[in-house]
Amino acid sequence: MGCQQKIVIIGAGIVGASIAYNLSLRDARVTVIDAASPGMAASHASYAWINAHPKPPRSYHDLNRRSMDIWSRWERQIGGDAGITWGGELRWTVTEEGGRGLRDEVGLMQSWGYPIHLISPEQLREMEPGLLADPITAASFAHTEGHVDTSVVISRAFEQAAKRGAEFLADTPVTGFSAEIVDGEPRITGVDTQGGHLDADVVVLAAGYSTRKLASEIGLDFPQSESPGATILTPPMAPIFQNVACVHTPRDLPDPQMNFRQMPDGRVQIHGGTHDGSVGNESLEDAESMLAELEKFLPAIAGASVDEWRQAMRPMPGDGLPIIGFPDLKDRPPNVYLSVMHSGVSLAALVGEVAALEILDNARVDFLSDFRYARFVRSTAN
Ligand SMILES: Cc1cc2nc3c(=O)[nH]c(=O)nc-3n(C[C@H](O)[C@H](O)[C@H](O)COP(=O)(O)OP(=O)(O)OC[C@H]3O[C@@H](n4cnc5c(N)ncnc54)[C@H](O)[C@@H]3O)c2cc1C
């Protein structure tokens, strides 16, 4: 017997897709609304590395780890072969100081039980003979990490949700909300879109970077970092990696720091930069020069062109941690579920599963307690 609440999810990126899928498993009445086409914002530009490395504090690391551990199950549930490439992540350093830093980080990760270990320069070269890695002062391999093709996952999840009755409205920006006071609380009763009004018993805000603006319209303010991101993709190339899925160039070299991966169809995707901003945010020329830079580490990339240049703002709450859940605060709408996060690809498998418990069963998942909206509200206010 399906749940009779009308649940409107705003945002059809990978987070909205996971929530819609998991709600539909319970036969909930779900409508997903997106301002554009599904999956074309941060989820499209994403480097889509599935990892928990190192991602402090411990509770955030554990959250990512828990999600990593169920990604393959989610892939099977939505029909299998959703473009995940497991194989692990490889990185190395070139300075003594960088080497000490990497050894410390590996030690910390191991004390948290994370499967990562140091490898010798010879092992690195044996694993990936195509890399030009010299000198090497330390190197590590995290064998449970991987990456995913977000477009495949999103379309599969929505296909499955649609089979179970979920409805989708693309090209339909949400412009506002209707509310009424119920028992002294400002309860949201529906959403206004450019295509008309929709009634809702529960509204899920999964609009990525735009969640902050939508939330602020209903009194849910939170700080957000301005973090423009970009990745580039080459045309399909012959297989580059022998063993690993993701490689990071040395972080103790002058910028750009680069991460690269090869997708199942042969395209190589490259991200350069940090969470403060990506190389290629501002111009295609920067992106092209980064590709040229990558040749120093990966000669096989020589002559490759930029086939796609993807840009998006990261959905990054001010403290870098996710916001997941109902606000659970007096004077805030009790029926708005927030789900905004960076590392949304790593976290997607888990977030939909736990959101379904909190939305449909009114459960409160204890390991989400560090990621609640209430942390942004001064305790005296409530
Ligand atoms: C360059 C880059 C690299 C990254 N690398 C990684 C990585 O390696 N690993 C990882 O785990 N994470 C990574 N991330 C972060 C990850 O991609 C995001 O956390 C994740 O994609 C967020 O998904 P989402 O569904 O919340 O948001 P989005 O994918 O941004 O989707 C939000 C959706 O909401 C819609 N929307 C917005 N406003 C409205 C409105 N008013 N009405 C209706 N719809 C609206 C948009 O059209 C969009 O489709 C990276 C991000 C970037 C940009």
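Values in this document were obtained by computation on a predicted structure and should not be read as measured data. For ligands, and for the atoms within them, numbers begin at 1 and follow the listed sequence. Only this structure's heavy atoms are used, side chains among them; waters, hydrogens and symmetry mates stay out. Numbers for residues simply follow the sequence, beginning at 1.
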Give the residue and atom name of whichever protein heavy atom lies nearest to [atom], and the separation in Å to one decimal.
{"atom": "atom 3 (C) of ligand 1", "result": "Tyr47 N, 3.4 Å"}
{"atom": "atom 17 (O) of ligand 1", "result": "Ser46 OG, 2.9 Å"}
{"atom": "atom 39 (C) of ligand 1", "result": "Ala35 CB, 3.9 Å"}

**Request:** Drop me the distance from His53's NE2 to Ile116's CD1, to the nearest 0.5 angstrom.
**Result:**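 If I round to the nearest 0.5 Å, the distance is 3.5 Å.
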**Prompt:** Going from CG on Asp199 to NZ on Lys6, what distance comes out if it is rounded to the nearest 0.5 angstrom?
**Reply:**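 Reported to 0.5 Å precision, the distance equals 4.5 Å.
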Pull out every atom of ligand 1 sitting under 4.0 Å from any heavy atom of [X], numbered as shown with elements.
{"X": "Val15", "value": "23 (O), 24 (P), 25 (O), 26 (O)"}
{"X": "Val174", "value": "40 (C), 41 (N), 42 (N), 43 (C)"}
{"X": "Gly11", "value": "33 (C), 34 (O), 35 (C)"}
{"X": "Gly229", "value": "1 (C)"}
{"X": "Ala207", "value": "32 (C), 34 (O), 36 (N), 37 (C), 38 (N)"}
{"X": "His342", "value": "13 (C), 14 (N), 15 (C), 19 (O), 50 (C), 51 (C)"}
{"X": "Trp49", "value": "7 (C), 8 (O), 9 (N), 10 (C), 11 (O)"}

**Prompt:** Looking at Phe367, does the NZ or CZ of Arg66 lie under 6.0 angstrom from its six-membered ring centre and within 45 degrees of the ring axis?
**Reply:**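 Yes.
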**Message:** Applying side chain to side chain contact (heavy atoms under 4.5 Å, CB included), can you list everything that pairs with Thr193, at least two apart in sequence or on another chain?
**Reply:**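 Once residues adjacent in sequence are excluded, the partners of Thr193 under the side chain to side chain contact (heavy atoms under 4.5 Å, CB included) criterion are Ile33, Thr172, Val174, Val191, Leu198.
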Counting heavy atoms only, which of [options] comes nearest to [atom]?
{"atom": "atom 28 (P) of ligand 1", "options": "Ala52, Ala42, Ser210", "answer": "Ala42"}
{"atom": "atom 48 (C) of ligand 1", "options": "Asp171, Asp34, Val340", "answer": "Asp34"}
{"atom": "atom 20 (C) of ligand 1", "options": "Gly344, Gly13, Ala45", "answer": "Gly344"}
{"atom": "atom 22 (C) of ligand 1", "options": "Pro173, Gly16, Pro315, Ser343", "answer": "Pro315"}

**Request:** Using a 4.0 Å heavy-atom cut-off, say whether Ser339 meets ligand 1 through its side chain, its backbone, both or neither.
**Result:**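 Neither; no heavy atom under 4.0 Å.
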**Request:** For the pair Tyr47 and Trp49, name the ring-plane relationship: parallel under 30°, tilted 30 to 60°, perpendicular over 60°.
**Result:**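 Perpendicular: the ring planes of Tyr47 and Trp49 meet at over 60°.
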**Request:** Could you tell me how the ring of Tyr337 sits relative to the ring of Phe326: parallel (under 30°), tilted (30 to 60°) or perpendicular (over 60°)?
**Result:**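 Aromatic pair Tyr337/Phe326 classed perpendicular.
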**Which residues share a side chain to side chain donor-acceptor pair (under 3.5 Å) with Tyr114, sequence neighbours left out** =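 Tyr114 satisfies side chain to side chain donor-acceptor pair (under 3.5 Å) with Glu145 once adjacent residues are dropped.
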**Identified side chain to side chain contact (heavy atoms under 4.5 Å, CB included) partner of Trp92 from the options Asp252, Thr137, Leu131, Asp134** =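 With Trp92 as partner, side chain to side chain contact (heavy atoms under 4.5 Å, CB included) holds for just one option, Leu131.
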**Item:** For Pro334 against Pro186, the heavy-atom pair lying closest together
**Value:**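 Reported closest heavy-atom pair: CD-O, 3.9 Å.
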